Each structure stands twice: as C-alpha cells, then as structure tokens.
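Okay, structure first, notes after.
Remember, it's a predicted structure, so these values are computed and weren't measured experimentally.
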Amino acid sequence: MSKRKRASNVLLENRRAGFDYFLSDFMTAGLVLTGTEIKSLRKGDASLSDSYVYVKNGEAFVAGMHIAPYKEGNIFNVDHLRDRKLLLNKQEIRKLEGKTKGKSLTIVPTKCFLSRGYAKLEIAIGQGKKLYDKRESLKRKDIERSKQRGDYDRD
C-alpha cells in the first residue's frame, strides 16, 4: 500500500467510495487539466461522487468527475463532465487493467489533492459491498460514535 496523503492538502474526498466499496491497492496519479479547471478545483467547485476510472487503449481516464466551469473564465471553459486523462506509467496501467479485467472490481477515485502545485488523484481498486456489508459498516460507525460520546455501556 502506498503512502496516504494528509488531510491538509486534500481538495476533494470521495467518502461514498469507502461506503460502497472495499478499497485496496491505493495509487496516486496526476490529472491533465486546463487552466480554468485547476482554478475551479482550487476554489472547491468539484465533486468526485459517481466517478470511476477506466482504461482504454493503454491510457487511464477518470469519468464522471464534475469540475464546475470557472466563473471568470470565458472561451477557455470546457465541459464540466468530460473524461480527464490520468498520468500513470505503463506498468501502473497494466497493473490496474490486470486486476480489474474479468473480475467484479472497479477503479475508484478516493481523493483529489495538490502536490507541488499539481493536481493529483488518489485511486483505489474497489470491490462492491453487498447491502449487509453496508449495514455492518453503519453499525460499526454508530458504535464508535457512541464510544466517543461516552454513551456506550461496557458489558
């Protein structure tokens, strides 16, 4: 597992991914963005919900990532839901493609952050949770919350 980024430079977080998928094999990838997209991203006008990563012709793309048009932008604004290319080397792309091909796994973006002024995307391999797994996660979360408040009685 690679190093996870601290919350200080995180611009977006896909909390829904942790609820819907069992996540493993975290990886960091660069994002190819236009000037107005990076400005809008820094402003926080973006969303990772309902986004996923796919591999096509040896290149990785993120689909469904919403970056709102920059208000001060003019003709340089692009489609807010366009597919954006991910910067990964061939070995990383082959690894992702090999793990997901023919299996019930998907590649899910979990976080978007800035590193030295460049936009990066943390992606993970996700296996879909069943309804009973989601209920178990909610139950565990409620117990943890109760413990922190001091409401939980130890038997």
Side-chain angles (χ1 to χ4, degrees), residues 1-57 59-73 76-88 92-93 95-146 148:
M1 213 189 266
S2 67
K3 271 186 162 177
R4 308 273 315 260
K5 295 294 172 187
R6 292 189 197 111
S8 62
N9 58 358
V10 173
L11 300 173
L12 303 171
E13 195 169 358
N14 190 358
R15 295 180 187 177
R16 184 87 185 161
F19 182 73
D20 287 340
Y21 300 99
F22 292 112
L23 300 174
S24 64
D25 296 333
F26 290 87
M27 190 180 294
T28 302
L31 267 171
V32 177
L33 299 173
T34 63
T36 56
E37 284 179 319
I38 191 70
K39 288 179 182 183
S40 189
L41 190 64
R42 285 175 191 257
K43 199 173 166 187
D45 293 341
S47 173
L48 284 176
S49 62
D50 297 332
S51 59
Y52 60 95
V53 176
Y54 67 92
V55 178
K56 182 178 180 182
N57 298 330
E59 296 179 331
F61 296 91
V62 61
M65 182 179 176
H66 176 270
I67 298 179
Y70 188 59
K71 289 185 180 16
E72 285 77 31
F76 300 109
N77 280 334
V78 292
D79 182 27
H80 58 95
L81 283 176
R82 73 180 181 93
D83 295 353
R84 292 164 181 90
K85 187 175 177 179
L86 294 178
L87 301 174
L88 294 167
E92 292 170 330
I93 292 172
K95 179 182 173 186
L96 289 174
E97 197 172 24
K99 287 194 177 213
T100 58
K101 193 144 192 151
K103 300 178 180 108
S104 61
L105 299 174
T106 186
I107 309 166
V108 183
T110 56
K111 290 181 187 172
C112 184
F113 58 94
L114 290 177
S115 176
R116 298 186 194 137
Y118 294 105
K120 304 281 184 177
L121 195 66
E122 182 185 69
I123 57 177
I125 304 288
Q127 181 180 10
K129 287 184 180 179
K130 303 284 187 206
L131 185 61
Y132 56 85
D133 292 327
K134 292 178 185 180
R135 274 193 234 123
E136 183 66 32
S137 296
L138 287 174
K139 183 178 174 184
R140 198 174 322 115
K141 200 179 291 185
D142 286 341
I143 290 171
E144 285 298 318
R145 200 175 303 130
S146 295
Q148 287 181 351

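- Using modelled atom types, no side-chain atom of Ser40 and backbone atom of Thr36 make a donor-acceptor pair closer than 3.5 Å.
- Atom CG of Asn14 is separated from atom SG of Cys112 by 11.0 Å, given to the nearest 0.5 angstrom.
- Residues meeting the side chain to side chain donor-acceptor pair (under 3.5 Å) test with Arg16, sequence neighbours left out: Asp20.
- A distance of 8.5 Å separates NZ in Lys134 from OH in Tyr21, rounded to the nearest 0.5 Å.
- Residues meeting the salt bridge (charged side-chain N to carboxylate O under 4.0 Å, His left out) test with Arg42, sequence neighbours left out: none.
- Applying the ring pair (Phe, Tyr, Trp, His ring centres under 6.0 Å) rule to Phe22 yields no partners; only residues at least two apart in sequence or on another chain are considered.
- The nearest pair of heavy atoms linking Val53 to Pro109 is CG2-CD, 4.2 Å.
- With sequence neighbours left out, Tyr54 forms a side chain to side chain donor-acceptor pair (under 3.5 Å) with Asp83.
- In this structure, the separation between CZ on Phe113 and CG on Leu11 is 9.5 Å, given to the nearest 0.5 Å.
- The list of salt bridge (Lys or Arg N to Asp or Glu O under 4.0 Å) pairs with a residue in residues 30-39, not counting sequence neighbours, reads Glu37-Arg82, Glu37-Arg84.
- The environment of Lys56 atom NZ is sparse: at most 12 non-hydrogen atoms of other residues, nucleotides or ligands sit within 6.0 angstrom.
- Among residues two or more places apart in sequence or in another chain, the salt bridge (charged side-chain N to carboxylate O under 4.0 Å, His left out) test is passed with Arg135 by none.
- For Lys85, the salt bridge (charged side-chain N to carboxylate O under 4.0 Å, His left out) partners are Glu59, not counting sequence neighbours.
- The heavy-atom pair separating Leu31 from Met65 by the smallest distance is CD1-CE, 4.0 Å.
- In this structure, CD1 in Ile67 is found 5.0 Å from CG in Leu41, a value given to the nearest 0.5 Å.
- Applying the salt bridge (Lys or Arg N to Asp or Glu O under 4.0 Å) rule to pairs touching residues 123-133 yields nothing, sequence neighbours excluded.
- If you take CG on Leu86 and NZ on Lys120, they are separated by 11.0 Å, rounding to the nearest 0.5 Å.
- Partners of Tyr52 according to the ring pair (Phe, Tyr, Trp, His ring centres under 6.0 Å) rule, which considers only residues two or more places apart in sequence or in another chain, do not exist here.
- Counting only distance, with no hydrogens or angles, the side chain of Ser51 and the backbone of Ala63 share no donor-acceptor pair below 3.5 Å.
- Atom NZ of Lys43 has more than 12 heavy atoms from other residues, nucleotides or ligands within 6.0 Å.
- Side-chain contact between Phe26 and Ile123: absent, with no pair of heavy atoms (C-beta onward) separated by less than 4.5 Å.
- Taking both residues in full, the closest heavy atoms of Ala124 and Thr110 are given as CB-CG2, 4.1 Å, listed atom of the first, atom of the second, then distance.
- Expressed to the nearest 0.5 Å, how far CD1 of Ile107 lies from CG of Leu96 amounts to 4.5 Å.
- No side-chain donor-acceptor contact under 3.5 Å links Glu122 and Thr28.
- Considering only residues two or more places apart in sequence or on other chains, Asp142 meets the side chain to side chain donor-acceptor pair (under 3.5 Å) condition with Arg145.
- Listed by chain and number, the residues in a salt bridge (charged side-chain N to carboxylate O under 4.0 Å, His left out) with Lys99 are Asp25 (sequence neighbours excluded).
- A 6.0 Å sphere centred on OH of Tyr118 holds no more than 12 heavy atoms belonging to other residues, nucleotides or ligands.
- For Asp50, there are no side chain to side chain contact (heavy atoms under 4.5 Å, CB included) partners at least two apart in sequence or on another chain.
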